[in-house]
Amino acid sequence: MRYTESQNISIFVLGPWVIGAFADCLLQGILLTQFSTYFRWYKDDPIGVKLVVVGLVILTCLKTIQACAVVWIQNLYFNDQKAAVNLAYTTWWQSGNPLMVAFIGLYVQAYFLHRLRVISKSWLVVVPIALIIVFAFLAMVLGTVAITKRSGDINMWFAAHLSSVFVGDVLITTAMIHYLLKTKRTVLPQTFGLITALVRLTWSSAAPAAICAMINLALSQAYEGPNNIMSTAFNQALPKLYAVSMMYILNSRQNLRSDLGLSDGINGNSSSHQMSRRTGGFMDPERCLGGITVHTETRNHIDFRNAFDPTALAVKSPNSDAKQGSLEPGN
């Protein structure tokens, strides 16, 4: 189907900004619920974790304001579509949009790298992935410069950025799962279910952002040039998917404790859970999800509750009957 020039601009150039803004607002609504849940459930979290979450609140709220402002300003210029299209090259709030997206992605990925560093206990694992992620951010900085100059290198830098982001996401996820499975072979039986849950959680939380980055990369390369920017819709949703992923992991700690019988639910009042936090003997999902390594400890438990119950069954040794018989009268 052939479109007129005006229709093509409306559908393939201005339209993706509108779709992206709707996706941004939808995901921001989910994030606001996640933020509220975090501050209600985890009042005892370290101040460093709380500051990271506050920073994410500020960044995501500002990004939503920017996405809505872009659409509103574009509609003011809708009688002159070419002027609306030129805003992507001449205004900082629109030409800088990809850099804003990249910065939020870098912010969340730094948190994931911190988790990986503590779980793996090795900088050799983290540094190569960190270099890829830093390269992705620098590529977007250069891509933003190319946008403002309308250089022909825009697609090249976008491809470098999105491919690096996708590779970094896959490497982080793969490394996390590798070390969780490695821990799984050495933990106590009561910890086995928690490791399995963490593996599933890692996959489920990392998948949406990685898939969005892959689609974004494919569309940006399939439709080159300024006449079709469908990838913008996915690019607008990408930072919010990163943020949702991070908050999903942070807020899953209570559910993991409850499902595995480590607490009574939201309040987390459990003697076994409190014992694990004091001693570090069993793996605490709150500490593991916060990026703390897993410690295991072998314990011998003696139950004295029935020690003075005359009806309780005693455990007899193989020679107990013989010894008892030798003490009976007449033997």
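Under the 4.5 Å side-chain heavy-atom criterion for ILVMFWY residues, a single connected hydrophobic cluster contains both F103 and I172. Both V54 and I104 are members of a single hydrophobic cluster when ILVMFWY side chains are connected at heavy-atom separations under 4.5 Å. Under a hydrophobic-cluster definition in which Ile, Leu, Val, Met, Phe, Trp and Tyr are linked whenever side-chain heavy atoms come within less than 4.5 Å, directly or via other members, I30 and I58 are assigned to the same cluster. Residues V18 and I73 fall into different hydrophobic clusters, defined by Ile, Leu, Val, Met, Phe, Trp and Tyr side chains chained together at heavy-atom separations under 4.5 Å. Each of V71 and I65 belongs to its own hydrophobic cluster when Ile, Leu, Val, Met, Phe, Trp and Tyr are linked at side-chain heavy-atom distances under 4.5 angstrom.
Between the side chains of N155 and Q221, no donor-acceptor pair is found at a separation under 3.5 Å. Remark: the Q236 side chain and the K63 side chain contain an N/O donor-acceptor pair separated by less than 3.5 Å.
If you run side-chain contact (heavy atoms from CB on, under 4.5 Å) between V49 and each of L51, I47, D45, only D45 comes through.
Taking CD of Q94 as the reference point, atom CG of N86 lies at 10.0 Å (rounded to 0.5 Å). Taking CE of M140 as the reference point, atom CZ of F158 lies at 4.0 Å (rounded to 0.5 Å). Annotation: the span from L31 atom CG to M246 atom CE amounts to 10.5 Å, rounded to 0.5 Å. For the atom pair CG (L238) and CG (L162), the distance works out to 7.5 Å, reported to the nearest 0.5 Å. Atom-to-atom distance recorded for I133:CD1 and L171:CG is 8.5 Å, nearest 0.5 angstrom. If you take OG on S36 and CE on M247, they are separated by 10.0 Å, rounding to the nearest 0.5 Å.
When all heavy atoms are compared, the tightest approach of M100 to W93 is CE-O, 3.9 Å. The minimum heavy-atom distance between M176 and L116, with the atom names listed, is SD-CA, 3.7 Å. Pairing each heavy atom of A160 with each of A139, the nearest pair is CB-CB, 4.1 Å. Closest of all the heavy-atom pairs between S164 and I132 is O-CG2, 3.5 Å. Scanning both residues, C61 and L32, for their nearest heavy atoms gives SG-CD2, 4.5 Å. Considering all non-hydrogen atoms of both residues, C25 and T64 come closest at SG-CG2, 4.1 Å.
One N or O on the side chain of H161 and one on the backbone of A136 form a donor-acceptor pair closer than 3.5 Å. Under a 3.5 Å cut-off, the side chain of K50 and the backbone N or O of K43 do form a donor-acceptor pair. Between the side chain of N251 and the main chain of Q34, a donor-acceptor pair closer than 3.5 Å is present. Formation of a donor-acceptor pair under 3.5 Å by the S95 side chain with backbone atoms of T91 is found in this model.
Looking at heavy atoms from C-beta onward, V244 lies out of side-chain contact with P208 at the 4.5 angstrom threshold. The shortest distance between side-chain heavy atoms of F112 and D169 does not fall below 4.5 Å. No side-chain heavy atom of I229 sits less than 4.5 Å from a side-chain heavy atom of F12. Within the 4.5 Å cutoff, the side chain of I147 has heavy atoms near those of the P98 side chain.
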For this session: Evaluate the criterion side chain to side chain contact (heavy atoms under 4.5 Å, CB included) for residue pair T232 and W17; output intermediate values, then yes/no.
Result: CA-CA 6 Å; T232 298; W17 288 101; 3.8 Å; yes
Problem set entry | Residue pair Y111, L250: steps toward the side chain to side chain contact (heavy atoms under 4.5 Å, CB included) verdict | CA-CA 11 Å; Y111 165 77; L250 286 174; 3.3 Å; yes
For this session: Walk me through it: do V141 and F137 pass the test side chain to side chain contact (heavy atoms under 4.5 Å, CB included)?
Result: CA-CA 6 Å; V141 172; F137 182 75; 3.9 Å; yes
Exercise. Do V170 and T174 pass the side chain to side chain contact (heavy atoms under 4.5 Å, CB included) test, and can you show the C-alpha distance, the side-chain angles, and the key distance before you say yes or no?
Worked result: CA-CA 6 Å; V170 171; T174 304; 3.9 Å; yes
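Y107 OH: more than 12 foreign heavy atoms inside a 6.0 Å radius.
Classification of K240 and D24 as a salt-bridged pair holds, one side-chain N sitting under 4.0 Å from a carboxylate O.
When hydrophobic residues (I, L, V, M, F, W, Y) are linked wherever their side-chain heavy atoms come within less than 4.5 Å, V145 remains an isolated member.
Pairs of residues two or more places apart, or lying in two chains, never qualify as salt bridge (charged side-chain N to carboxylate O under 4.0 Å, His left out) while including a residue from residues 11-23.
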